[in-house]
Every structure is written in structure tokens, then in C-alpha cells.
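Below you'll find the structure, written out as C-alpha cells, and then a few comments.
The sequence lines fix the lettering, A, B, ..., with proteins before strands; numbering per chain opens at 1. Side-chain atoms are counted along with the backbone in the values below, which use heavy atoms only and exclude waters and symmetry mates.
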Amino acid sequence: MTDETPKPTDFIREAVAEDLRTGRFQSVRTRLPPEPNGYLHIGHAKAFLIDYLVAKEFGGALDLRFDDTNPAKEETEFVEAIMEDARWLGIEWEKVIYSSDFFELLYEWAVELVKKGKAYVDDQSPEEVSRNRGTLTEPGVESPYRNRSVEENLDLLERMKNGEFPDGSRVLRAKIDMAHGNMNMRDPIMYRIIHEPPHHRTGRKWCIYPMYDWAQGQNDAMHGVTHSLCSLEYLDHRPLYEWFLEALEIPNPPRQIEFARLNLNYTVLSKRHLRRLVEEGLVSGWDDPRMPTLRGMRRRGYTPEAILDFNERTGVSKSGVINSGMMADLALLEACVRDDLNRRAERRMAVLKPLKLVIDNYPDGLVEELEAVNNPEDEAAGTRSLPFAKELYIEADDFAEAPPPKYYRLYPGNEVRLRYAYFVTCTGVDKDADGNVTAVHCTYDPSTRGGDAPDGRKVKSTIHWVSAKHAVQAEIRLYDRLFTDENPDSDNFKEYINPNSLQVLTGCMLEPTLAEARPGERFQFERQGYFCADPDSAPGKPVFNRTVALRDTWAKIAQKQGK
RNA sequence: UGGGGCGUGGUGUAACGGCAACACACCGGCCUUUGGAGCCGUGGUUCUUGGUUCGAAUCCAGGCGCCCCAGCCA
């Protein structure tokens, strides 16, 4: 690992490198303990990636350990979904284990603590326990059961395990300090009694289940984790994490390191709010392309590479400003997909809001095949051929009867280039009885075939088009941010929902090569944005999701003009 | 009012006692068969006050601000 040792780029990698250098650890093993009760989102992706990349960079491994210590909250359904999403991201893990795999040993360790006089069974009701914990500024009150004999504690714990007592009647607590400034140290609960529902893996074998704090560090130690990476909210738990390990006299105990979790502006990331979006029908499901879930982003057209890049560009730190985390900019995420897709996505022509263009001096019935470049960023992507004819569709926005200042596209008298085709000059329009433009007329210059004028004259604009009789009709879904507020993650988040987050366009006209697009295939529709074929697509009837629009400097100019 | 963490352009992250850097966003310009991409440029008294030092974003002290903690959740 000598030459391979990476130069530390953040405080976590610095700490890990230091531990290896000093010999505190000989190798690196990290673990990601998702609680299997929800789908992964962009914030989880960061945590996953930190654990995975740190382990990988130091020649170690990541294990997946599902944190199933509360049977009331977990479901098997999520286990597979989490693995599927992580795999899609490119995360590799060595072992898949469960906290419940360690229930037996963990119980033995609890018995050990009882024998050492460091844990006791408390008969107080949940209300009493809560009341006697004290407050942030007042010390707690010691339980009247705190000084029971070791024998009585052992007997009671055994009977708790055997299911002799009802839920909530007793708990096992660590005997630490009821006056501690850190609330986590005020005799934290280790085991509580839960009879129902049965655990999704261990069934009815256990009637007591460990609390997070009691399970975490011990599980880490049991399976050889060296670095237990977690988010800042667990900082206050580290003294307890270390207390247990020390009380049990664990040699080479694992080390917990905390980092700022990721928040994204203009979205919500809390499990509760995400669930509400789905359950209240505010989105179509966990994979709605507007959701910040990995499934949603995947359907939207985001690539794992873009998410990896985003993760890297947001960095690792301990400055938790909002909800113990950094507030990353959605614009950065979008920049990351654009970067990736710009290099990789093939270009296609697609007219979202069609307007008919008739080339009056083009021969009736003639169809020419014109060559178009698939990706100017990647010569290897080659070219394709596009049918061209007298009647085309152009983007309604690319024509203006009365052009605003700085408008370079089609308007009466103006000449533009039809991409990869000809120069055309607008000669007039057809209108219906209400005065709406129904078609635009133009003439073309036959000498400009392919898009260059032999006399060297220039046009200020190039617009896209699709041959009317060859066009494939499609549905296109345009997405915008789900919320109008930068930080909607509060209980009244519904007030900030963006009513225009989804716009469904039907009757869009696509170039014929797009007819058989497979779900998941991504393209750049020239001058529009990046689009991904949706699973709702049928052969010959594609449906596309807009992943992200292209940067649009014209939109900014138009906005400044007050339009 | 208890304990803990964090303050660097709008946002995020660097700089490890020696000229405050990079990315995104923003604004301006160049270029362009995508108003895309690419290229160039503008923008910061490093929360504050004081101290140590030849020299402080960095070390020390005091303020201020923000975040987390009082589930038998994780």
C-alpha cells in the first residue's frame, strides 16, 4: 500500500491515513448501516460513497450491515431496494450482514456488563424514565431500581429475554451518570421489550431488542469494522459509543468519525417528508422523476457518474449549518449531469411544441437524406441520416412574428440555418380566423445544402427541425424543481410545492431514429436539454423525461427584457 | 440557562504560521452549423474584538451567530 496510499483530501481520509501510519489499525473496514425502512436518496448516496471510497482508497472493504434493531419499523422489501440502488450507483461491498446476526453475542455482552455492575434492569414506566432523565439544563434523577443486586438484574434480564414481561414494563440500562451534561450518558437504555410485530429476520425468537447506541459499536467490533463513519448528529453519541467498548474491554476498538450530511436546496430529504409526498399523492411514487431518491433520479435520467461527480464536488466537512449538514446547490447537481451527458449523450432533433414550416420553393414529393453528427464531443459516435422534405416542423418558440430585441431566429424577412440542412428565409405566415399563426412559409437556398453558404454569408441562428411526414409523435415530460423555496424541509413544506414541477407535452415531433428508444436511453435533444426514455414508452410511442435543460442564455436575455 | 459541533465570495470545499485557491451560480467578453459545449475576465477587510508573532483564515482569550441533543427511533 506504500505507493498506493492516497494523499488525504479531507479530514476523514487524514484520520484513516494517520491510523494506518501509527498502527492503530492495520487495515480498513467500513460499514454502512441503513435502516431498511425507506428508499435511498441523494443524501444517502453521499454517505454510501464516503464509506465505499474511503475503504477502497485505502485497500479495505465496505460491508453492508442492515440496522434492523427495531422490528416495528423495518421491512424486507426495502433491503432489496437499497441494494439495487446502491449497486446502480456503483457501490461494491464485501459482506451483507444484519445487526440481528449479532443478537446472541450482544446479549452475552449485556450480561457481562450486568455482572460488572455497569448495567441494570429498570422497572420504571416509559413516562417515569422520561421524566427522571432531567432536561438540558437540569440533572436527571437516579432510578430507584438503579442499585439492584447483580443477581436480581441477571434474573430479570433473563426473564425479559424469555418474554415474561409485557412491552414497556422494564428496560436494561447502562449505569453511567444521571447528571451528565450529555443526555446520552444519563443511563441510556440498552434493551427494550417488544413482542409485536415479529422481527423480519429473527421472527419471534427475541422479545428484547437493542437500542441503536447499544448495538452500533458492539456490532462494529464484532465484525471487525475499523472506522465507523456516520453523520454529525451522532457526535454526541460518540462518548457512549466509546464507553460501551471500554466497559467491555474490547481490544482495538473501532473508531467513530462524523461528517456533515448532505442537504439539497429546493427539495426535502427527510424520510418523513418524502413519505408524505408519496402517500399524499403529491408525486406519483418513490420513483417519480422529481423525487431526490436514487430511483427517481435514475428514472429522470441522472447517471451514476454524475452523482459520483456531485459527491466529489461537494466534498467532506464537519460544518453542519442546516440539519447537521451542508446545503448543496441543486444547480451543481444539474451542472454535473450536463457535464457527463454532454460528453456521452448522442444528439437528436426533437420538436417539443411543433409549428409547421413550408418551404415554398422546395420540390413537392422530394425527400433528401442529410447527414447529421451524433455527438460533436465524441467523433466515435459517428453520424446518422435525416430525411428532409418540403414540410417540416420547427419549434414554435423559434418563430416570432414580431421579434423582440436580440432575437436571432425566424421572423419575416430573416434568414436562419436549419441544422445540417439549408438556409431558409421567412416569407410569410398562414393564420386562422382568430389570427393565430398556423404555418410559416419560407424559401430555401439550394446552394446551402448541409448548412454552409458557398458565398460565405453567415446567419445568426441555427434551428432544429423534423420532417413532418417522417416525424414520430411522442409524449415529453418536462420537470422543474419540486419546491419553490430554497429550504422547504419543514412541517409546512406543502406550502412550497411548485405547481409547475411537471408539464406534460403531447404531440411532440421527433426525428424517426427515436421511434424505438429503449427505456433508460439518454439523448440530448438539440438546443433543448437532456432526455431519457421513460419505462412508459411503447414501441413507436416513446415517452421521454427531461433530465435537465441545456443552459439557456437566451432565456436570461428574454427575462431581462421583462418578457 | 447544560453538553457538543461549526463559522472562508451567493453555495460548497481548499489553503495545516508565509501572496486566500478551485468548482457551481452570477455578471461581462471571445468563439460557435446547438443562444449548447469551449475559452477569457469581474467579484472576498476569511463572524467579531483583542492578544501572541517579523508575519495569523490558521495559534490564544473573550464575544456573537448557526446547528445537534431531553424516543423504550436510527
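Between A25(B), U34(B), U13(B), one nucleotide has an atom nearer to the side chain of Ala331(A) than all others, and that is A25(B). Comparing C6(B), U34(B), U1(B) against the side chain of Leu550(A) picks out U34(B) as the nearest. Comparing A37(B), G12(B), C6(B) against the side chain of Lys318(A) picks out C6(B) as the nearest. With C16(B), G36(B), C66(B) as the candidates, the nucleotide lying closest to the side chain of Arg551(A) is G36(B). The side chain of Leu332(A) lies closest to A23(B), out of A25(B), A23(B), G35(B).
If you check every strand for non-hydrogen atoms under 4.0 Å, Tyr407(A) touches a base. Val316(A) comes within 4.0 angstrom of the backbone, heavy atoms only, and of no base. Residue contacts shown for Glu138(A) are absent, as no nucleic acid heavy atom lies under 4.0 Å away. Base engagement by Arg409(A) is indicated by at least one non-hydrogen atom pair under 4.0 Å involving a base atom.
Residue side chain Glu258(A) does not reach the base of G4(B) through any donor-acceptor N/O pair under 3.5 Å, judged by distance alone. Counting atom types as modelled, Arg313(A) pairs no side-chain N or O with a base atom of U13(B) as donor and acceptor under 3.5 Å. With hydrogens and angles ignored, no donor-acceptor pair under 3.5 angstrom links the side chain of Gln528(A) to the base of U34(B).
Side-chain nitrogen and oxygen atoms of Ser319(A) include none within less than 4.0 Å of the OP1 or OP2 phosphate oxygen of G5(B). Phosphate proximity of U13(B) to Ser317(A): present, with a side-chain N or O under 4.0 Å from OP1 or OP2. Thr553(A) has a side-chain polar atom (N or O) that falls below the 4.0 Å cut-off from OP1 or OP2 of G36(B).
Considering only residues two or more places apart in sequence or on other chains, Tyr302(A) meets the side chain to side chain donor-acceptor pair (under 3.5 Å) condition with none of them. Listed by chain and residue number, Tyr362(A), Tyr422(A) satisfy the ring pair (Phe, Tyr, Trp, His ring centres under 6.0 Å) test with Tyr444(A) (two or more places apart in sequence, or in another chain). A search for side chain to side chain donor-acceptor pair (under 3.5 Å) contacts involving Lys271(A) returns Asn37(A), not counting sequence neighbours. Not counting sequence neighbours, Arg186(A) has no partner by the salt bridge (Lys or Arg N to Asp or Glu O under 4.0 Å) test.
The CE atom of Met349(A) sits 12 Å away from the P atom of U34(B) (whole-angstrom rounding). Note: CD (Glu334(A)) to C1' (U11(B)) measures 14 Å, nearest angstrom. Taking atom CD of residue Gln559(A) and atom C1' of nucleotide C26(B), one finds them 13 Å apart after rounding to whole Å. Atom CZ in Phe259(A) sits about 13 Å away from atom P in U13(B), given to the nearest Å. Phe11(A) places its CZ atom 12 Å from the P atom of A15(B), with the value rounded to the nearest Å. Per the geometry, OH belonging to Tyr266(A) stands 11 Å off C1' belonging to G10(B), to the nearest Å. G29(B) atom P lies 9 Å from atom CD1 of Ile557(A), rounded to whole Å.
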B/S/- along nucleotides 68-74 of chain B (protein heavy atoms under 4.0 Å) is BBBSBSB
Under the criterion side chain to side chain donor-acceptor pair (under 3.5 Å), I'd like the reasoning laid out for Glu258(A) against Gln256(A): C-alpha separation, chi angles, the key distance, then a yes or no. CA-CA 7 Å; Glu258(A) 312 82 9; Gln256(A) 172 176 307; 3.1 Å; yes
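For RNA chain B, the stems formed by at least three consecutive Watson-Crick or G-U pairs, with both atom-pair distances below 3.5 Å, span B:2-7 with B:64-69, B:10-13 with B:21-24, B:27-30 with B:38-41, B:47-51 with B:59-63.
Lys318(A) forms no cation-pi arrangement with Phe259(A), by the criterion of a distance under 6.0 Å to the ring centre and an angle within 45° of the ring axis. For the pair Arg481(A) and Tyr266(A), the cation-pi criterion (under 6.0 Å, within 45° of the ring axis) is fulfilled. Geometrically, Arg417(A) does not engage Phe423(A) in a cation-pi contact defined by less than 6.0 Å to the ring centre and at most 45° from the axis. Cation-pi geometry between Arg148(A) and Tyr120(A) is not met: the NZ or CZ atom fails to fall both under 6.0 Å from the ring centre and inside 45° of the normal.
Its glycosidic angle being more than 90° from 0, G62(B) falls on the anti side.
The residues Glu128(A) and Arg131(A) are annotated as not salt-bridged, no charged nitrogen and carboxylate oxygen being separated by less than 4.0 angstrom.
Where Glu14(A) and Tyr530(A) meet RNA chain B, the nucleotide closest to each residue was compared, and Glu14(A) sits on the side nearer the 5' end. Residue order along RNA chain B, read from the 5' end via each residue's closest nucleotide, puts Asp329(A) first among Asp329(A) and Thr448(A).
For the pair Leu264(A) and Phe310(A), the minimum side-chain heavy-atom distance is below 4.5 Å.
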